Amino acid sequence: MTDSRPRDRVRTPHADRPEDAASGSAVARILVVVPVRDEQRLLPACLSALARAAELVDVPVRVQLVLDACTDDSARVPTSAVEVMAVDERNVGAARALGFARAGATCGAETWFATTDADSEVEERWLRTQLAHARAGSDVVAGIVGVRSWAGHPDAVRHGYEEQYRTSGEHGHVHGANLGFRADAYWRIGGFRHLRTGEDVDLVSRMTADGARITWADDVRVTTSARRVGRAPQGFAAHLRRLANTYSTESRSA
């Protein structure tokens, strides 16, 4: 069946898990997984932003990097404050899955999982706000993504993105760069599938179908790069290329 909705959107079923209603308050730790593929230039800012976010929460934060088939010096960037594993998957879904399996295989409802991307920078309150939503009863928190710099893109691409991108209410956007979920809800549906693209939307679709309570959070924000060539074949960079092609075609036909 063809789905005409944008690739980052998920329809939320009206499901609930009343037996889990009391689980929202007990979050004792946070695990953040970051897939990395040749990100030596942008990774330092990503890690600095995560360190600032970790300082604002009252539970321990563990950061797990997954270096996936890196050919640059990404491995030299991390400090001892983060954990590093290397894989050769060339697959962002596999990298996220292996990171959570390595660092969070024994985690349950008391652990909050979060994930972002190595070319992205989380806001300072990123973890603190997710934790507040979790303690209020959310099983999944899906935040929104802004672009750090539009350099190299025509103004029409920026305007098109901002016109199409809803940032309030039940915005429906799912980004691997800005996603959090309770560990037990994650393991209950088998975690990330090994998908080269769309692993984030696939995960949240399965979690909501399983009855997870999702918060579409406009107060959980991340900025990301607007590069033209990304790591996932049909990821954010591909979306921006499609916008560029759309507005270029409209300009020529005007």
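We number each residue from 1, following the sequence as shown. None of the values given here were measured: they were computed from a predicted structure.
Not one N or O on the side chain of Asp73 forms a donor-acceptor pair closer than 3.5 Å with the backbone of Gln40. Of the possible donor and acceptor atoms, none in the side chain of Asp117 sits under 3.5 Å from a partner among the backbone N and O of Ser120. Distance alone, capped at 3.5 Å, is enough to place a donor-acceptor pair between the Asp68 side chain and the Glu89 backbone. Arg182 places a side-chain N or O within donor-acceptor distance of the main-chain N or O of Ala134, the cut-off being under 3.5 Å. Side-chain N or O atoms of His175 include none that pairs as donor or acceptor with a backbone N or O of Ala177 at under 3.5 Å. Side-chain N or O atoms of Asp139 include one that pairs as donor or acceptor with a backbone N or O of Arg213 at under 3.5 Å.
Between Glu39 and Asp119 the shortest side-chain heavy-atom distance falls below 4.5 Å. With contacts defined as side-chain heavy-atom distances shorter than 4.5 Å, the pair Met85/Leu98 qualifies. Between Ile214 and Val204, the closest side-chain pair of non-hydrogen atoms falls below 4.5 Å. Proximity of Val141 to Phe181: side-chain heavy atoms (C-beta onward) are nowhere separated by under 4.5 Å. Leu47 has its side chain within reach of Val77: a pair of non-hydrogen atoms, C-beta onward, lies under 4.5 Å apart. Proximity of Leu43 to Leu65: side-chain heavy atoms (C-beta onward) are separated by under 4.5 Å at one or more points. Within the 4.5 Å cutoff, the side chain of Thr197 has no heavy atoms near those of the Leu195 side chain. Contact annotation: the side chain of Val222 approaches that of Thr116 to within less than 4.5 Å [non-hydrogen atoms, C-beta and beyond].
For the atom pair CG of Leu67 and CG of Asp88, the computed distance is 11.5 Å after rounding to the nearest 0.5 Å. Put simply, CD1 on Ile144 and CZ on Arg221 are 3.5 Å apart, with the number rounded to the nearest 0.5 Å. One distance of note links CZ of Arg37 with SG of Cys70; it measures 7.5 Å at 0.5 Å rounding. Atom CG in Leu131 sits 11.0 Å away from atom OG in Ser138 (nearest 0.5 Å). Between Ser74 atom OG and Leu42 atom CG the span is 9.5 Å, to the nearest 0.5 Å. Summarising the geometry, atom CD belonging to Glu124 is positioned 8.0 Å from atom CD belonging to Glu55; distances are rounded to the nearest 0.5 Å.
When the side chains of ILVMFWY residues are joined at heavy-atom separations under 4.5 Å, either directly or via intervening members, Leu56 and Leu127 end up in two distinct hydrophobic clusters.
The two atoms that bring Gly108 and Ala183 nearest to each other are O-CB, 3.2 Å, heavy atoms only. Across all their heavy atoms, Ala185 and Ile189 have their closest contact at O-CG1, 3.5 Å. In terms of heavy atoms, Leu50 sits closest to Trp126 at CD2-CZ3, 3.7 Å. In plain terms, the two heavy atoms of His194 and Ala94 that are nearest each other are ND1-CB, 3.5 Å. Contact detail for Thr71 and Asp38: the closest heavy-atom pair is N-OD1, 2.5 Å. Closest approach of Phe192 to Gly93, counting heavy atoms only: CB-O, 3.8 Å.
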- request: Verify side-chain contact (heavy atoms from CB on, under 4.5 Å) between Thr106 and Trp187, making sure each step is shown before the conclusion.
  value: CA-CA 10 Å; Thr106 62; Trp187 292 124; over 6 Å; no
- request: Apply side-chain contact (heavy atoms from CB on, under 4.5 Å) to Arg29 and Arg62, showing your working.
  value: CA-CA 8 Å; Arg29 65 191 64 85; Arg62 181 179 178 185; over 6 Å; no
Worked verdict on Thr111 versus Val27 for side-chain contact (heavy atoms from CB on, under 4.5 Å): CA-CA 6 Å; Thr111 302; Val27 176; over 6 Å; no
- request: Kindly determine whether Arg188 and Asp210 satisfy side-chain contact (heavy atoms from CB on, under 4.5 Å), including the steps that lead there.
  value: CA-CA 8 Å; Arg188 191 161 53 233; Asp210 187 57; 2.8 Å; yes
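Checked against Asn178 for a side-chain contact (heavy atoms from CB on, under 4.5 Å), the options Thr223, Val220, Asp200 give a single hit: Val220. Screening Leu179, Thr208, Leu203, Thr215 against Val140 for a side-chain contact (heavy atoms from CB on, under 4.5 Å) leaves a single residue, Leu179. Just one residue in the list Arg193, Arg96, Arg206 forms a salt bridge (charged side-chain N to carboxylate O under 4.0 Å, His left out) with Glu199, and that residue is Arg96.
The aromatic rings of Tyr186 and Phe113 sit perpendicular, their planes meeting at an angle over 60°, well past the 30° parallel limit.
One finds no salt bridge joining Arg196 and Asp202 here, because no Lys/Arg side-chain nitrogen approaches an Asp/Glu carboxylate oxygen to under 4.0 Å.
Under a cut-off of 6.0 angstrom, the local environment of CZ in Arg125 is sparse, with at most 12 non-hydrogen atoms contributed by other residues, nucleotides or ligands.
For the residue pair Asp219/Thr129, the side-chain donor-acceptor check at 3.5 Å is not satisfied.
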